[in-house]
Amino acid sequence: MAQISPKLALTYFTEISAGSAVPLDLDDLVNMVNLRRHNHVVIGDIALRCYKNKSKWTYDERDIRRAAQAFADFRLDVDDVVEVQLPAYREHDERDSEDWGRADWRQKIASWMFWQARRKHQEGRSYEEWNDSWKRIGISGLPGELIWNEFVAARTGIRLRENIANTRPLELMTFSGGSLFLPRAYAELLDRWEQVQEDLVAGARICKNCGGQGPRWGSWRTPSTVGYVTLCPPCSGAAFQRYTGHLRGVLYDSPRVRGIRADSYLCRLCAETRASVWDHCHDHGFLRGPLCGSCNTFEGKSSPRSFLEGKEAVLHLLECRGCLDRRTLPGRYYVAIAQKHLEATEYHHHRSRRCRRQMWVTYVELAHGAHLFELKCWWHSQTWTKDVPVPDTFAHVRNFVDQALAEALPDPVVPAARAESDTTLLA
């Protein structure tokens, strides 16, 4: 079996499938967006397995060539079309958790249209004029006031958003007489893609040890030397030990750390999957604990604001002895904490009354010893700026840390009052 790199796989697939009747978007051969979910990249209705060897992901060259040839030979009659019936608008909280992330190409196209219809409805209108008309099919046969040509033009260039099954359906879709149409062969291909995806997800949800079924989004998936495997929390807990903080205060480049493998532990943050790296504070150099690849990426590359929303996020950052002793956090979180403070305390007046809506706060720059923020009330079209001096920012960070530490302390145990019989007996 000849193993090839993702970049070489992309080159081969592009060359062999050139001229395919299906408009392909093959970047996922390199990006591998759903790798954690099921160890495959799905193009059309073909699942390509990804192999891990010496920490590098590869493909079987034969799989790539066969799949690419299948698309090169794909026959598509643009005159043989079927009408596409799109589902009605549904709020997120109306969906069952099992429906979240389910492969549904009709629902995905509908979501693009409803999003664009909402945007068109809200542009140029004040908040008081907004309504739910964009959620209903209008006289044109599309949601709200949406027009087909405007919709297609707006989606042009948004490759990730218009990608389904690593193909681009809008290039084949037509709109006539208030109805949407796709070539029959392509619609059937997307139907098969849904089934392939669901089969892969269903298989990847099963714990390899006890056979229990995990959540759809793959939170039980844990990295191994051969790829991602599925282990439920009890099985992960039995296979890997929990980190107890015994390396707190040790520097990351200490020989003591190099002698202990992070993958012997559960991830300190999610406590569900096997850790893969030792996380450390880049400001002070102290070790914080073992993290899985997903949590480590989230801490390093997500927005500071997003990471701080996590239940254990602040306490994990304070595993750094330098941060804990100084009652601070790494510098990259300062602006996010100042932003949270402004959102909780700032307001404006509308018609002589205090607006109770939450402001939208955007960071602008650091200038003249102060962080400059722009605050906006979308409901009343009000915009203003606010300076937060650097010393005040330090104070906000310290207060944020003190509050997190106070909330983490166990509640004091108050002795129960003695029963009257006990009091009488002692007397």
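This is a predicted model, so every value here is computed, not measured.
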task = Before giving the answer on side chain to side chain donor-acceptor pair (under 3.5 Å), spell out for Tyr89 and Ser111 the whole-Å C-alpha distance, their side-chain angles and the decisive distance to 0.1 Å.
result = CA-CA 8 Å; Tyr89 180 84; Ser111 69; over 6 Å; no

task = Begin with the C-alpha distance, continue with both residues' side-chain angles, and end with the deciding distance and a verdict on side chain to side chain donor-acceptor pair (under 3.5 Å) for Ser306 and Ser303.
result = CA-CA 5 Å; Ser306 299; Ser303 69; 2.7 Å; yes

request  = Verify salt bridge (charged side-chain N to carboxylate O under 4.0 Å, His left out) between Arg305 and Glu343, making sure each step is shown before the conclusion.
outcome  = CA-CA 12 Å; Arg305 177 65 181 272; Glu343 289 176 349; 2.7 Å; yes

request  = Take Asn399 and Gln403, measure what side chain to side chain donor-acceptor pair (under 3.5 Å) needs, and give me the verdict at the end.
outcome  = CA-CA 6 Å; Asn399 291 336; Gln403 181 180 355; over 6 Å; no

message = Show, in sequence, the C-alpha distance, side-chain angles and deciding distance for Tyr265 and Trp278, and conclude whether the ring pair (Phe, Tyr, Trp, His ring centres under 6.0 Å) test is met.
response = CA-CA 10 Å; Tyr265 298 88; Trp278 287 111; 5.7 Å; yes

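For the pair Arg168/Glu171, a side-chain contact is recorded, criterion being any heavy-atom separation below 4.5 Å from C-beta on. Using a 4.5 Å heavy-atom cutoff, the side chains of Leu287 and Val257 are in contact. Contact of the Cys281 side chain with the Pro330 side chain is registered, since non-hydrogen atoms from C-beta on lie closer than 4.5 Å. Two residues are said to be in side-chain contact when any heavy atoms from C-beta on lie closer than 4.5 Å; Cys292 and Leu266 fail this criterion. Contact of the Leu317 side chain with the Val401 side chain is not registered, since no non-hydrogen atoms from C-beta on lie closer than 4.5 Å. In this structure the side chain of Leu269 never reaches within 4.5 angstrom of the side chain of Phe298, judged on heavy atoms. Between Val201 and Arg37 there is a side-chain heavy-atom pair separated by less than 4.5 Å. Between Val81 and Leu182, every side-chain heavy-atom pair lies at or beyond the 4.5 Å cut-off.
Between Asp199 and Gln195, the side chains place a donor N or O and an acceptor N or O closer than 3.5 Å (distance only, hydrogens not considered). Checking Glu83 against Gln85 by side-chain atom types alone, a donor-acceptor pair falls below 3.5 Å. A donor-acceptor contact closer than 3.5 angstrom is absent between the side chains of Thr11 and Thr14. If you check the side chains of Ser5 and Tyr59, you find no donor sitting under 3.5 Å from an acceptor. With 3.5 Å as the limit, one finds no donor-acceptor pair spanning the side chains of Asp25 and Asn166.
In summary, Glu145 and Arg118 do not engage in a salt bridge, as defined by a charged side-chain N under 4.0 Å from a carboxylate O. By the 4.0 Å N-to-carboxylate-O rule, Lys376 lies too far from Glu346 to be salt-bridged with it. Taking the charged nitrogens against the carboxylate oxygens, Asp79 and Arg184 have no contact shorter than 4.0 Å, which rules out a salt bridge. Taking a cutoff of 4.0 Å between a charged side-chain nitrogen and a carboxylate oxygen, Lys340 and Glu309 qualify as a salt bridge. A salt bridge links Glu299 and Arg288; the closest N-O separation between the charged side-chain nitrogens and carboxylate oxygens is under 4.0 Å. With salt bridges taken as basic N to acidic carboxylate O contacts below 4.0 Å, one links Arg327 and Asp402. Ionic pairing of Asp104 and Arg102 is not present here: no N-O contact between side-chain nitrogen and carboxylate oxygen is shorter than 4.0 angstrom. Between Lys386 and Glu374 there is no salt bridge, since none of the side-chain N atoms of the basic residue sits less than 4.0 Å from a carboxylate O of the acidic one. Ion pairing between a basic and an acidic side chain is recognised when a charged N comes within 4.0 Å of a carboxylate O; Arg261 and Asp263 show such pairing.
Of all the heavy atoms in Arg268 and Leu315, the pair that sits closest is NH2-O, 4.1 Å. The two residues Pro304 and Ala336 have their closest heavy-atom pair at CB-CB, 3.9 Å. Closest of all the heavy-atom pairs between Pro215 and Trp220 is CD-NE1, 3.6 Å. Pairing each heavy atom of Cys207 with each of Leu231, the nearest pair is SG-CA, 3.9 Å. Closest approach of Met173 to Val84, counting heavy atoms only: CE-CG2, 4.4 Å. When all heavy atoms of Ser133 and Asn131 are compared, the pair lying nearest together is OG-OD1, 2.7 Å.
Under a 3.5 Å cut-off, the side chain of Arg49 and the backbone N or O of Asn39 do not form any donor-acceptor pair. At least one donor-acceptor pair closer than 3.5 Å links the side chain of His38 to the backbone N or O of His40. The backbone N or O of Ser20 lies less than 3.5 Å from no partner atom in the side chain of Ser17, so there is not a single donor-acceptor pair. When atom types are taken as modelled, the side chain of Thr230 and the backbone of Lys208 share no donor-acceptor pair closer than 3.5 angstrom. Using modelled atom types, no side-chain atom of Thr385 and backbone atom of Leu372 make a donor-acceptor pair closer than 3.5 Å. Checking side-chain atoms of Asn296 against main-chain N and O of Val277 turns up no donor-acceptor pair under 3.5 Å. Side-chain atoms of Thr222 come within 3.5 Å of backbone atoms of Arg274 as a donor-acceptor pair (strictly under, hydrogens ignored). Judged by distance alone, the side chain of Arg398 and the main-chain N or O of Arg326 form a donor-acceptor pair under 3.5 Å. Judged by distance alone, the side chain of Arg36 and the main-chain N or O of Arg221 form a donor-acceptor pair under 3.5 Å. No side-chain donor-acceptor contact under 3.5 Å links Arg119 to the backbone of Trp115.
Both tests do not hold together for Arg248 against Phe286: distance to the six-membered ring centre under 6.0 Å, angle to the ring axis within 45°.
Here the CD1-CG distance, from Ile147 to Asn149, works out to 8.0 Å after rounding to the nearest 0.5 Å. Remark: Ile164 CD1 to Gln107 CD distance equals 10.5 Å, nearest 0.5 Å. With rounding to the nearest 0.5 Å, the separation of CG in Asp77 from CZ in Arg75 is 12.0 Å. Here CG of Asp45 is found 9.5 Å from CG of Leu190. Values are rounded to the nearest 0.5 Å. Atom CG in Leu76 sits 9.0 Å away from atom CG in Leu189 (nearest 0.5 Å). Taken from CG in Leu329 to CG in Leu324, the straight-line distance is 10.5 Å, to the nearest 0.5 Å.
Between Phe373 and Trp360, the ring center distance fails the sub-6.0 Å criterion. Aromatic pair Trp112/Phe151: centroids not less than 6.0 angstrom apart.
Between Phe394 and Tyr334, the two ring planes are perpendicular [angle over 60°; tilted spans 30° to 60°]. Below 30°, between 30° and 60°, or above 60°: for Tyr363 and His371 the angle between ring planes is between 30° and 60°, a tilted geometry. Classified by interplanar angle (parallel below 30°, tilted 30° to 60°, perpendicular above 60°), the ring pair Phe307/His316 is perpendicular.
Arg242 CZ: 12 or fewer foreign heavy atoms inside a 6.0 Å radius. In His368, the NE2 atom is not crowded: 12 or fewer heavy atoms of neighbouring residues, nucleotides or ligands sit closer than 6.0 Å. More than 12 non-hydrogen atoms from other residues, nucleotides or ligands lie less than 6.0 angstrom from CZ of Arg125.
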